[in-house]
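The structure under discussion appears below in the form of structure tokens.
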Amino acid sequence: MDEELHEMIRAVVRKIPRGRVATYGDVADIARAPSPRLVGAVLNQDGHDLPWHRVLRANGTCAPHIADQQLQLLREEGVVADGGKVDLRTYRWEDAVKEKAEEPPALW
DNA sequence: CACTTGACCGTAG
DNA sequence: TCTACGGCCAAGT
């Protein structure tokens, strides 16, 4: 696994503001990762220090095995989940979407 | 080297 | 809205 990319992904996740969320796909794009799967893989290994709970699937749901804790942590930040799903239109990290649309060569 | 696995995603039906 | 499928890519067996 590419160490630099690995580091990049963690940096992006750390950057997600409180009370907001991002999808694995968003993080992948911003971190220039080849696939969203990689983001999940990285969080699975080194995600324990990060606000990993702010990362969810493209449809607003969380991975089954961690759903309970994730939803609770989010609730503590004011992110409400209806029927196990979060409304991305409301809580999605908009700045990330904007950056992604513009193609900033910025290297974070 | 071939095959399976997984914190995924977009498109059809 | 929800499920099924195919595609995806690195890591592990």
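Here is how names work: the chains are called A, B, and so on, in the same order as the sequence lines, proteins then strands, and each is numbered from 1.
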Exercise for the section: Salt-bridge test for A:Asp26 and A:Arg92: reply yes if a basic N is under 4.0 Å from a carboxylate O, no otherwise. Expected result: yes
Fill in the blank from the handout: Taken to the nearest whole Å, CH2/A:Trp52 to C1'/B:dG6 is 16 Å
Handout entry: Path from A:Leu56 to A:Val12 over hydrophobic side-chain contacts below 4.5 Å
Key = no
Exercise for the section: Answer yes or no: is there a donor N or O on one side and an acceptor on the other, between the side chain of A:Arg32 and the main chain of A:Ile30, under 3.5 Å? Expected result: yes
Problem - Rounded distance (Å) that lies between atom C1' of B:dT5 and atom CD of A:Gln45 - result: 13 Å
Practice task
Let me know the distance between CZ of A:Arg32 and P of C:dC9, rounded to the nearest Å.
Solution key: 17 Å
Kindly list each side-chain donor-acceptor pair under 3.5 angstrom involving residues 64-75 of chain A, sequence neighbours excluded, with atom names and distances?
| unit_1 | atom_1 | unit_2 | atom_2 | d |
| --- | --- | --- | --- | --- |
| A:Gln70 | NE2 | A:His53 | O | 2.9 |
| A:Gln70 | NE2 | A:Val55 | O | 2.9 |

Handout entry: For A:Glu7, all residues meeting salt bridge (charged side-chain N to carboxylate O under 4.0 Å, His left out), sequence neighbours excluded
Key = A:Arg10, A:Arg14
Exercise for the section: Measure the shortest side-chain to side-chain distance between A:Asp46 and A:His6 over non-hydrogen atoms and say whether it is less than 4.5 angstrom. Expected result: yes
Handout entry: pair A:Leu38-A:Tyr24: side-chain heavy atoms closer than 4.5 Å
Key = no
Exercise for the section: Take atom CD1 of A:Ile9 and atom C1' of B:dC8, then tell me their distance rounded to the nearest Å. Expected result: 13 Å
Problem - Heavy-atom check, side chain of A:Val21 versus side chain of A:Ile16, under 4.5 Å - result: no
Problem - Residue pairs passing the salt bridge (Lys or Arg N to Asp or Glu O under 4.0 Å) test where at least one lies in residues 48-61 of chain A, sequence neighbours excluded - result: A:Arg54-A:Glu77
Problem - Spacing of A:Leu5 atom CG relative to C:dA10 atom P, expressed in whole Å - result: 9 Å
Handout entry: Contact list for DNA chain B against residues 77-90 of chain A - heavy-atom distance below 4.0 Å
Key = none
Practice task
Return the minimal non-hydrogen interatomic distance between A:Ala31 and A:Leu5, and the atom names on each side.
Solution key: O-CD1, 3.5 Å
Exercise for the section: Please list residues of residues 62-73 of chain A whose heavy atoms come under 4.0 Å from any atom in DNA chain B, ordered by number; otherwise none. Expected result: A:Ala63, A:His65, A:Ile66
Completion exercise
A:His6 NE2 to B:dA7 C1', in whole Å, measures 14 Å
Can you pull every protein N or O that's under 3.5 Å from an N or O on nucleotides 9-13 of chain B?
| unit_1 | atom_1 | unit_2 | atom_2 | d |
| --- | --- | --- | --- | --- |
| B:dC9 | OP1 | A:Gly25 | N | 3.1 |
| B:dC9 | OP2 | A:Ala58 | N | 2.9 |

Problem - Neighbour count >12 (heavy atoms, 6.0 Å) for atom CG, A:Asp82 - result: no
